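Each ligand, and each atom within it, is numbered from 1 in the order the structure gives. Note that the structure is a prediction, hence the values are computed from the model and not measured.
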Amino acid sequence: MNSKNGKTKPDRQYRFIVVIFLIIATLMISSAVLELQQSKKELFQLMTKQAHSLLESLIIASQNSLHATAYLDDLTEERLLNNAGLVKRMYEKNQISNKILTELSDQNRTFRALIFDKQGNKIYSSYQEKRTEQPAKHDPRQILQPIFKGEQDTLMIGYKQARFAPGYRFAVALAAQNRSAIVINIAAEEMLKFKRDIDFGALIRKVVKENPQILYIALQSPETILAASGAIRQLDGIEQSAFLQKVIEDSSFATRTTPFEESEIFEAVLPFANSGEIIGLFRLGLSLEPVREINDRIFRRMIIITLILIAIGFVLFVYIFTRKRLNVLQKEYSVVETYSGSIIDNVSDAIIVLDRLSGIKIFNAAAEKLFGLNKKDVLNRDLEKIFSQPECLALLKEESVLKQMSCKIGKHQKDLLASKSSFLDQDENENTILVIRDLTEQKQMQAQLERQQRLTAMGELASGVAHEIRNPLNTIGTIVQQLDKDFEPVSEKEEYHELAGLVYNEVKRINETVQDFLRFSRPEPVQPTHFLISDLFKHLERQYKPAMESKQIRLEIFLNWQGEVFWDNRQMKQVFINLIQNAMDAIGENGHISISVNAKDEKLQIQIKDDGPGMPENIRTNIFNLYFTTKAEGTGIGLSIVQRIIYEHGGVISVESEPGLGTVFTVQLPILV
Ligand code: ADP
């Protein structure tokens, strides 16, 4: 992960979270505002509808009440006039007396029946008037003037206060003989009560009383307020209000919000017409309390939303802040971890850290290489998983801190140097660190070097001796040859020549051996050239194919690396000839030789494997010694030469062999000398 990505990726995530948060916040707030507007709109629509229908019904009710009171008055008037007509007929026939009048009043359920003469004097009366101290409230002579003067025959007196008693009367008068007047009245309290009950003013007061939301209802003409309920002192006149004038002009229903008694109210106005002419306006004032309630409700919701958003925002802030801190710490930790991890991984020694409770905790790259195991297969497992040999495990468990040991790892015997130390981790658990160095190659090289030094010292000594031997030997050879040719014995001629030939041949054999030895002890310098490794093995294959076929030996070559090497071609050919020849010798007949070439860490690893009889340990440990041979015809020089050439090419040779399991020679050489 590069640092740029490391920085931007979480930042983008946090920005994304913040954007989502802002979107949710905006949605929550705007939905609340929209709901407020919608609710207000719906409420205003509802109020408008209700106000309109209420005003319409009030108009109908007021018209009905007007009609009803007029109808009641007409009916009563008619009844009283009928009564007066009866009294008139009886009076003109002189059949009237106070008693009869009283009876007629009782029968017709009228209150009083009176007859006044032209001068206004009471002639007959259905009752005996009890005069009180109080003055009369009106004078009948005044009221009855139109009859006395002959201007009217019937007079609708209508409602008037009783003269002395409390209460009201409804009265009519009818002209009789000599411009006398017959007056019939009834007690009008009931009628007035009924009138009051169906009166428009009463109606609107009742409506307002029963509906607290209605602040006032008023019927207003351009000049004055005709009827009203509630507090209307502040109602503006039609003249002062452009809105009210427009309602009259348009002759249509209209609404508005307007100030009333220090607060905003909703007012609906409907023109009121009588006989097609607009005589005034019905005004209905409705409280805006429900709107204020909606406002309050939404305001409360806004506060709750804000608090929730603040809480969520705070949690998000803490989350992002902590995550950022955590990321920084994680990054720092991963830097340290990578740093120490790469140190551990790049160390050439195998490092294994063991937790006493949970097994292997660290298994570095060198450990993977040494044990041929994958880290993930051994983590959290026991140490037994990697050391199959119990002796090695026991050695590692010993107290000693530094131990050299030879252990079998997989198929290979390895020389190891193990050091051990322990420490307590943060949980106070004891951890053990094993640092294991593979000394196998080093040991092989050391042994090879020692042998080489031994051989060189011995060779130098011996070559001097050999040189000294070679000259007399040559002389002996020449003389024996000369004697054989020039000298002829007298007897046993044949035996003489035979012996001379034998001496010559033996001298020659000694000479060849000395020659061989000198060649070995004074090796030729390495002369490297570039050549393809495949060419070398193709050549060897061609060379050995016929011999192997005749002995039913199968040769396989696996060139897993095909490149150019920089070696001494002739010497290296010598190496593989010796190794292949030894393998063939070991197999005898019927067998299998395989050669594999692999590249590993700038080095080539070449293995020559045969399925011959293998070697017991006492042979295996001596095969690189000069003149060690187990063959009747062997010289014991071959592997010494092989080891010397490989040594001079900077490589090592090792052998693995068990009786019955065949033999593997492993040569490790740098690709370029
Ligand atoms: P020589 O071949 O003359 O004996 P070398 O030095 O080549 O000399 O070999 C030494 C000895 O190593 C052999 O005599 C043999 O005992 C043993 N040897 C070498 N190669 C093999 C092999 N592939 N299998 C078994 N033994 C072997």
Side-chain angles (χ1 to χ4, degrees), residues 411-413 444 447-456 458-459 462 509-510 512-523 537 540-541 543-545 547-548 550-558 570-597 605-649 651-669:
K411 284 187 194 159
H412 310 287
Q413 197 66 29
Q444 282 167 358
Q448 189 169 291
L449 181 68
E450 279 167 12
R451 264 198 306 272
Q452 211 55 45
Q453 283 169 343
R454 257 197 335 265
L455 281 176
T456 312
M458 193 174 81
R509 206 170 65 81
I510 293 170
E512 274 171 13
T513 307
V514 170
Q515 205 65 35
D516 269 354
F517 179 73
L518 280 177
R519 234 194 343 267
F520 173 75
S521 60
R522 271 197 258 119
F537 283 102
L540 291 170
E541 194 179 17
Q543 185 176 336
Y544 277 97
K545 211 170 178 192
M548 288 199 188
S550 67
K551 292 181 174 181
Q552 281 97 48
I553 295 174
R554 190 158 55 89
L555 174 67
E556 275 184 307
I557 300 175
F558 301 99
R570 201 185 56 77
Q571 288 187 9
M572 213 45 94
K573 208 176 278 166
Q574 183 70 45
V575 165
F576 293 111
I577 283 173
N578 282 351
L579 292 174
I580 293 168
Q581 189 60 56
N582 276 349
M584 280 174 71
D585 290 348
I587 292 169
E589 278 194 347
N590 243 323
H592 177 218
I593 299 172
S594 80
I595 300 173
S596 66
V597 179
Q605 181 178 294
I606 303 164
Q607 286 191 315
I608 295 95
K609 188 176 172 186
D610 67 64
D611 59 357
M615 290 174 267
E617 197 187 349
N618 60 334
I619 293 182
R620 195 181 65 228
T621 48
N622 288 309
I623 55 171
F624 291 107
N625 290 340
L626 188 62
Y627 299 126
F628 177 84
T629 181
T630 56
K631 300 172 196 166
E633 297 287 304
T635 61
I637 281 182
L639 286 178
S640 295
I641 294 176
V642 164
Q643 195 181 41
R644 199 205 65 227
I645 296 172
I646 287 169
Y647 171 75
E648 288 187 354
H649 277 76
V652 276
I653 180 163
S654 60
V655 65
E656 285 172 274
S657 185
E658 296 278 335
L661 292 177
T663 302
V664 183
F665 279 94
T666 304
V667 178
Q668 290 198 46
L669 281 163

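- Under the 4.5 Å side-chain criterion, counting only non-hydrogen atoms from C-beta, I593 is in contact with M548.
- Applying the 6.0 Å contact sphere to NZ of K631 captures more than 12 heavy atoms from other residues, nucleotides or ligands.
- Across all their heavy atoms, V652 and I646 have their closest contact at N-CG2, 3.5 Å.
- Counting heavy atoms from C-beta on, the side chains of L639 and F665 come closer than 4.5 Å.
- In this structure the side chain of D610 never reaches within 4.5 angstrom of the side chain of I608, judged on heavy atoms.
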What are the atom names and distances for all N or O pairs under 3.5 Å between ligand 1 and the protein?
residue  : atom   : partner : partner atom : Å
ligand 1 : 2 (O)  : N582    : OD1          : 3.2
ligand 1 : 2 (O)  : K631    : NZ           : 2.7
ligand 1 : 3 (O)  : T635    : N            : 2.9
ligand 1 : 3 (O)  : G636    : N            : 2.9
ligand 1 : 4 (O)  : T629    : OG1          : 2.5
ligand 1 : 6 (O)  : L639    : N            : 2.9
ligand 1 : 7 (O)  : N582    : OD1          : 3.3
ligand 1 : 7 (O)  : N582    : ND2          : 3.0
ligand 1 : 7 (O)  : L639    : N            : 3.4
ligand 1 : 8 (O)  : G636    : N            : 3.4
ligand 1 : 14 (O) : T629    : OG1          : 3.3
ligand 1 : 14 (O) : T630    : N            : 2.8
ligand 1 : 14 (O) : T630    : OG1          : 3.2
ligand 1 : 16 (O) : T630    : OG1          : 2.3
ligand 1 : 20 (N) : N582    : ND2          : 3.4
ligand 1 : 23 (N) : D610    : OD2          : 3.0

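- In plain terms, the two heavy atoms of S657 and M615 that are nearest each other are OG-N, 2.8 Å.
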